[in-house]
Number of protein chains: 2
Amino acid sequence: MTARSPKSAAKKKAATRLSSDDRSADILAAARAVIAEKGYEKTLLSDIARRAGVVDGTIYRYFENKRDLMVKVAQIWFGEQLLMDSHLESIAGTQNRLRHLAWRTLSIIQREPVLARFMLMELRPDPNYRNTPFFEMNRRFTHEMLQVCREAVESGEFLSDVSPNMLRDMLHGCIEHRTWAFLRGEGDFDVDEVADGIARVIYRGMAARPDGTVGSLDGLVRRLEAVTAKLDPAGANAHPKRRG
Amino acid sequence: MTARSPKSAAKKKAATRLSSDDRSADILAAARAVIAEKGYEKTLLSDIARRAGVVDGTIYRYFENKRDLMVKVAQIWFGEQLLMDSHLESIAGTQNRLRHLAWRTLSIIQREPVLARFMLMELRPDPNYRNTPFFEMNRRFTHEMLQVCREAVESGEFLSDVSPNMLRDMLHGCIEHRTWAFLRGEGDFDVDEVADGIARVIYRGMAARPDGTVGSLDGLVRRLEAVTAKLDPAGANAHPKRRG
DNA sequence: ATCTTAAATGAATGACGTTCATTCGATATG
DNA sequence: CATATCGAATGAACGTCATTCATTTAAGAT
């Protein structure tokens, strides 16, 4: 029914043959450049194609669809950011480690707001979330977060009455909320302050104490016990530490 | 150039004239029903129109565009949820209040997952965020959160070394993270447990104590003071409560 | 009965992503 | 050098939708 033959075979330009790698890389680079300029939503496939020096259809030889291309762009882009990170291992102290985990993500966001917007707002609601760079980031960072918390619980530094997953959600969630506000241009985005605040609240909120309460009570408790012992050496009227 | 005249004037159905309110309400109801069935992404304007018993173009008399219609649907839907909430005022104790704030949002999400997905994933990245029901929710809940925190700081129950805005971000962010996982069908969604965990960490993380440490020390401190007073009625060796 | 006005219509349009029959060019083969 | 082969590249056509707008219709006013 439809004749789809391009009869006018004006030979435009002699399509220079390249290896697949080169073409694919060209397209990825072009896509990244266009996204950086216009944001995901306004980025047309034809923009990318033009910039890559190919024709629309060619993109579909290398990528399944637009989203697939976009996800791959984000993966590369985000991967570069991870390389700049310092190592968690070199940092001592639970609270400092928590602070670093928050700081790292916040730094990436501050350094690459376009990438952050791209991943957070445009790529995140992927039906196939597990293929998303956002998921990858979460997976990676979550692993370390859980490690830090688990160690703290095992050493008795942290109480174990709140799931480490919850702490992870608090840390990442808080960062995300601040990021949204940042991307919207609301308020400031003080990386150090935010990282410090999150780490401080979580650390204090989880810090275990000998008497089962929270805080640095060692001194108080010792003094109370000493005084109590003096008052009542037999221990008859002592508060019921252990009965029977 | 183009003749846009529908020459065949088959008078289908005598378009019954309704008041604007009714039509608008019909369309809103139809939209909500279709969204509930198919989700935002798969909802076509023509679906809504058909269900509302109008024709596509009619929708544009009552709503600016598809997104505008969607946002209004979400506003109504979400507004209903707020009505079911119990009052924060009736709840005593800072930690209980925090728990309630978390619990309230989590309950809505659990009760109306389609609404949650709709607001969180599909409507949230609105260029005009401030018109979004998500923004409205945040504004409303944030107000109360800040109120609770401010009171706690003023009464000396909370330390003031972390911005209340950060606590808000932690609370809402944590909820959001759990919601994403819930909507993705990962893990369980125990409203009480999550609300309790968040409130507990934040409360402990912020609780101010007389000695500058953290924890529920009132009892201990009182006992220590009583005992100390007995030992040294003159107060000579009492810990430096007030000197000079 | 006729005029006026706003609601309703639905075919046309435009914007995009995606497809696919066809063409092109490099390499292998005789 | 001529020819066959095969994958890469092409770009016009297509399908899906949101959106527009010239035209029609119904209800109230005169």
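Distance A:D56 CG to D:dG15 P: 18 Å, rounded to the nearest Å. Nucleotide D:dA18 holds its P atom 8 Å from the CD1 atom of B:I48, rounded to whole Å. What separates CE of B:M70 from C1' of D:dA18 is a distance of 11 Å, to the nearest Å. Atom CZ of A:R67 and atom P of C:dT18 are 11 Å apart (whole Å). At whole-Å resolution of the value, CD in B:E64 and C1' in D:dT20 are 15 Å apart. Rounded to whole angstrom, the span from the CG atom of A:L69 across to the C1' atom of C:dT18 amounts to 14 Å. For the pair A:N65 CG and D:dT16 C1', the computed distance is 15 Å after rounding to whole Å. The distance from atom CG of B:L45 to atom C1' of C:dT13 is 15 Å, rounded to the nearest whole Å.
Side-chain atoms of B:R200 come within 3.5 Å of backbone N or O of A:D161 as a donor-acceptor pair.
For A:V55, counting side-chain heavy atoms from C-beta on, the closest listed nucleotide (C:dG17, D:dA18, D:dT10) is D:dT10. Nearest nucleotide to the B:Y60 side chain, out of C:dT18, D:dT20, C:dT9: D:dT20. The listed nucleotides are C:dC16, D:dT10, D:dA8; the one nearest the side chain of A:R61 is D:dA8. Of the listed nucleotides (C:dG17, D:dT19, C:dT9), C:dG17 has the atom at the smallest distance from the side chain of A:L44. With distances taken from any side-chain atom of A:Y62 to the nucleotides D:dT19, C:dT18, D:dA9, the minimum falls on D:dA9. When each of D:dA9, D:dC17, C:dT18 is scored by its nearest atom to the side-chain atoms of A:R23, the top-ranked nucleotide is D:dA9.
With sequence neighbours left out, the ring-ring contact (aromatic ring centres under 6.0 Å, His included) criterion links B:F189 to B:F182. Judged as a side chain to side chain donor-acceptor pair (under 3.5 Å), and not counting sequence neighbours, the contacts of A:N165 are A:R168.
When the nearest nucleotides of DNA chain C are assigned to B:I59 and A:T43 by heavy-atom distance, the more 5′-ward of the two goes with B:I59.
Distance CD/A:E89 to CZ/A:R97: 7.5 Å, rounded to 0.5 Å.
Counting heavy-atom neighbours within 6.0 Å of B:R111 CZ, excluding the residue itself, gives a total above 12.
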